[in-house]
Amino acid sequence: MDGSFQGAAKGRFVKNAPSFFLPDEWRAALQPRTQPLLLHQGYSLTFTQTLRDLPTNSKRRFSEHKTGPLQWQLNDTALRVTLKKAFLDPPQAAQFQQGLLRLLEELN
């Protein structure tokens with residue numbers, strides 16, 4: 001995935017903003033929950049994306065989130081995401097949600 005897809009997506013990934021993709025099941029994972037969360041059929045996940053077409057006012061330096069099951073690093077040109085554990089109990093699911101929300105804030 002190089003982030004150059006334009007248009008609507010059918011399948012595993014959905015485009016959320018210019019030049020990056022996230023698994024579409026993560027959107028549903030943001031809903032409030034009291035039960036455990038199962039992502040990617042229980043498999044951990046790591047991916048790196050090259051970011052392109054960033055807004056001209058974007059002056060992103062370096063940002064990272066190193067706690068919880070979802071960890072990521074973001075700089076001007078790349079996003080690296082690691083989901084260390086895919087079966088999350090409710091407290092871990094809340095940590096995942098916090099990490100994902102922080103990532104989405106950084107990317108917008």
Side-chain angles (χ1 to χ4, degrees):
M1 281 178 285
D2 68 358
S4 62
F5 177 81
Q6 298 295 319
K10 288 185 179 178
R12 270 184 79 173
F13 295 93
V14 68
K15 185 168 178 138
N16 292 327
S19 78
F20 77 93
F21 292 85
L22 293 175
D24 62 8
E25 68 183 303
W26 289 11
R27 187 178 307 268
L30 287 173
Q31 300 301 316
R33 60 180 53 252
T34 57
Q35 299 296 315
L37 176 63
L38 178 66
L39 297 167
H40 312 289
Q41 299 176 341
Y43 292 96
S44 59
L45 175 71
T46 298
F47 60 90
T48 302
Q49 296 181 52
T50 301
L51 301 178
R52 299 185 201 170
D53 304 324
L54 293 175
T56 55
N57 62 351
S58 177
K59 303 237 188 280
R60 190 175 296 118
R61 295 274 189 248
F62 179 80
S63 183
E64 65 183 349
H65 181 77
K66 298 192 320 185
T67 60
L70 180 66
Q71 300 182 10
W72 49 265
Q73 294 178 331
L74 175 66
N75 63 37
D76 289 336
T77 60
L79 168 64
R80 178 171 177 78
V81 177
T82 301
L83 179 63
K84 293 191 166 271
K85 184 177 176 185
F87 183 77
L88 308 174
D89 61 31
Q92 292 168 329
Q95 289 178 330
F96 170 84
Q97 291 169 331
Q98 290 169 355
L100 180 56
L101 288 172
R102 184 163 171 233
L103 174 60
L104 293 171
E105 287 173 8
E106 290 288 331
L107 287 166
N108 289 327

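Values reported hereafter were calculated over all heavy atoms of this structure, with side chains retained and with hydrogens, waters and symmetry mates removed. Please read these numbers as outputs of a predicted model, since none were measured by experiment.
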- Query: Taking only residues two or more places apart in sequence or in another chain, which ones pass side chain to side chain contact (heavy atoms under 4.5 Å, CB included) with Leu38?
  - Reply: Phe87
- Item | Validation row: Phe47, Leu83 side chains within 4.5 angstrom (heavy atoms) | no
- Return the set of residues passing side chain to side chain contact (heavy atoms under 4.5 Å, CB included) with Gln98 (not counting sequence neighbours), or none when no residue passes. none
- Message: Just so I know, are the side chains of Arg33 and Pro90 near enough to count as touching, which here means a heavy-atom distance under 4.5 Å?
- Response: no
- Message: The criterion is side chain to side chain donor-acceptor pair (under 3.5 Å); which residues satisfy it with Gln92, sequence neighbours excluded?
- Response: Lys85
- Smallest separation among heavy atoms of Ser44 and Ala86, with atom names: N-CB, 4.2 Å
- Rounded distance [0.5 Å steps], CD in Glu105 versus CG in Leu100: 10.0 Å
- Message: Could you work out, with side chain to side chain donor-acceptor pair (under 3.5 Å) as the rule, every residue matching Arg102, not counting sequence neighbours?
- Response: His65
- So CG of Leu70 and CG of Leu88: to nearest 0.5 Å the spacing works out to 9.5 Å
- Mind checking side chain to side chain donor-acceptor pair (under 3.5 Å) for Trp26 and listing every partner two or more places apart, or none if nothing turns up? His40
- Item | Set of side chain to side chain contact (heavy atoms under 4.5 Å, CB included) partners for Thr46, sequence neighbours left out | Arg80, Thr82
- Donor-acceptor contact present, side-chain Gln97 to main-chain Ala29, <3.5 Å: yes
- Going from CD on Glu64 to CD on Gln73, what distance comes out if it is rounded to the nearest 0.5 angstrom? 5.5 Å
- If we only count heavy atoms from C-beta on, is the Glu25 to Leu39 side-chain gap below 4.5 Å? yes
